[in-house]
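A short worksheet on the structure shown next.
The basis for the numbers below is simple: all heavy atoms, side chains too, and nothing from hydrogens, waters or symmetry mates. Only a predicted model underlies this, so the values are computations on that prediction, with no experimental measurement involved.
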Amino acid sequence: MMDTANRLSKLTISLHWIVAILIVVLCAVGLYMTRAEAWSLYPIHKSLGVLVLIIAIVRIIWRIINGWPVAAANYTSLEQVTAKIIKWALILGTIALPLSGMLFSAASGHGFGLFGLVLVPAQHIPGNPAEVLAYSEFWANTGETMHHVSAYVLIAAILLHMAGAFKHHFIDKDATLKRMLGK
């Protein structure tokens with residue numbers, strides 16, 4: 001079940017791809033819904049964000065228990081440092097993005113839940129249930145800013161991570177990408 005130098009465990013591979021796919025979908029949906037004002041997508045977006053946080057925490061715990069995968073080949077110190085920075089940006093981003101979204105949603109009075117299970121209730125204005133009252137304007141604004149910044153940082157880190165994976169596969173011709181695909 002643990003990773004080896006030649007093979008990553010099914011759990012490592014599964015956690016990687018589940019988080020990756022959910023984050024990419026959430027970023028795409030988040031960009032779409034803010035630009036198109038597609039308010040009906042927010043409950044799904046928030047639920048998937050909570051789910052990503054849970055899975056990302058499991059992934060971090062697994063990484064602590066299992067350790068980092070051994071490099072598939074020898075790389076320059078610049079490549080090693082760059083890879084570590086991008087890996088940390090990805091890990092921290094998968095935590096910062098959902099947490100900041102939850103802070104934004106909760107503090108702004110909109111609340112959030114997990115597929116119908118209310119985790120933080122909305123705070124509706126008495127006499128006008130269509131409107132919400134912020135619990136804290138400061139924390140709502142802070143959460144919103146953190147959510148936007150962490151989304152763009154995470155998108156950049158994902159693109160760099162993908163470029164690195166393609167470099168490993170097509171230029172270095174090593175087993176890095178193949179291992180993450182379970183081969």
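- Rounding to the nearest 0.5 angstrom, the gap separating the CD1 atom in Ile44 from the CG atom in Leu26 is 10.5 Å.
- Of all heavy-atom pairs between Ile13 and Gly182, the closest is CD1-CA, 3.5 Å.
- With Glu144 contributing its side chain and Phe104 its backbone, the two residues share no donor-acceptor pair below 3.5 Å.
- Below 30°, between 30° and 60°, or above 60°: for His45 and Tyr42 the angle between ring planes is above 60°, a perpendicular geometry.
- A donor-acceptor contact shorter than 3.5 Å is absent between the side chain of Lys46 and the backbone of Gly101.
- Here the side chain of Thr145 pairs a donor or acceptor atom with the backbone of Asn141 at under 3.5 angstrom.
- The local environment of CZ in Phe115 is crowded, with over 12 non-hydrogen atoms from other residues, nucleotides or ligands closer than 6.0 Å.
- A donor and an acceptor atom, one from each side chain of Ser9 and Thr12, are located under 3.5 Å apart.
- Rounding to the nearest 0.5 angstrom, the gap separating the CD1 atom in Ile57 from the CG atom in Leu99 is 7.0 Å.
- A distance of 10.5 Å separates CG of Leu11 from CZ of Arg59, quoted to the nearest 0.5 Å.
- Judged by distance alone, the side chain of Trp17 and the main-chain N or O of Met180 form a donor-acceptor pair under 3.5 Å.
- Ser150 and Met146 get closest at one heavy-atom pair: OG-O, 2.7 Å.
- In terms of modelled atom types and a separation under 3.5 Å, the side chain of His147 and the main chain of Leu97 share a donor-acceptor contact.
- To the nearest 0.5 angstrom, Leu41 atom CG is 10.5 Å from Thr34 atom OG1.
- Under the 4.5 Å side-chain heavy-atom criterion for Ile, Leu, Val, Met, Phe, Trp and Tyr, Ile91 and Ile54 are members of the same hydrophobic cluster.
- Minimum heavy-atom separation, Gly49 to Pro98: O-CB, 3.4 Å.
- Of the possible donor and acceptor atoms, none in the side chain of Glu131 sits under 3.5 Å from a partner among the backbone N and O of Asn128.
- In this structure a side-chain-to-backbone donor-acceptor pair under 3.5 Å is missing from Lys84 to Val81.
- Residues Leu92 and Ile55 fall within the same hydrophobic cluster, defined by Ile, Leu, Val, Met, Phe, Trp and Tyr side chains chained together at heavy-atom separations under 4.5 Å.
- For Gln80 (side chain) and Tyr75 (main-chain N/O), a donor-acceptor pair under 3.5 Å exists by modelled atom type.
- Applying the 6.0 Å contact sphere to CE of Met162 captures no more than 12 heavy atoms from other residues, nucleotides or ligands.
- Taking 4.0 Å as the cut-off between side-chain N and carboxylate O, Asp3 and Arg63 count as a salt-bridged pair.
- Contact between Leu119 and Val50 at its shortest, heavy atoms only, is CD1-CG1, 3.9 Å.
- Between Ile65 atom CD1 and Met2 atom CE the span is 7.5 Å, to the nearest 0.5 Å.
- Cluster membership check: Ile64 shares its hydrophobic cluster with Leu90, using side-chain heavy-atom separations under 4.5 Å among Ile, Leu, Val, Met, Phe, Trp and Tyr.
- For Ser108 (side chain) and Ser105 (main-chain N/O), a donor-acceptor pair under 3.5 Å exists by modelled atom type.
- Test Arg179, His168, Lys167 against Asp174 for side chain to side chain donor-acceptor pair (under 3.5 Å) and you get one pass: His168.
- The nearest pair of heavy atoms linking Cys27 to Ile155 is SG-CG1, 3.9 Å.
- In this structure, Ile23 is not a member of the same hydrophobic cluster as Leu103, with clusters built from ILVMFWY side-chain heavy atoms closer than 4.5 Å.
- Taken together through direct or relayed side-chain contacts under 4.5 Å among Ile, Leu, Val, Met, Phe, Trp and Tyr, Trp88 and Ile86 form part of one hydrophobic cluster.
- Contact check for Lys178 versus His169: side-chain heavy atoms found under the 4.5 Å cut-off.
- Between atom NZ of residue Lys10 and atom CG of residue Leu15 there is a gap of 14.0 Å, rounded to the nearest 0.5 Å.
- Of all the heavy atoms in Leu51 and Leu114, the pair that sits closest is N-CD1, 4.2 Å.
- If you look at Trp68 and Trp62, their ring centroids are not closer than 6.0 Å.
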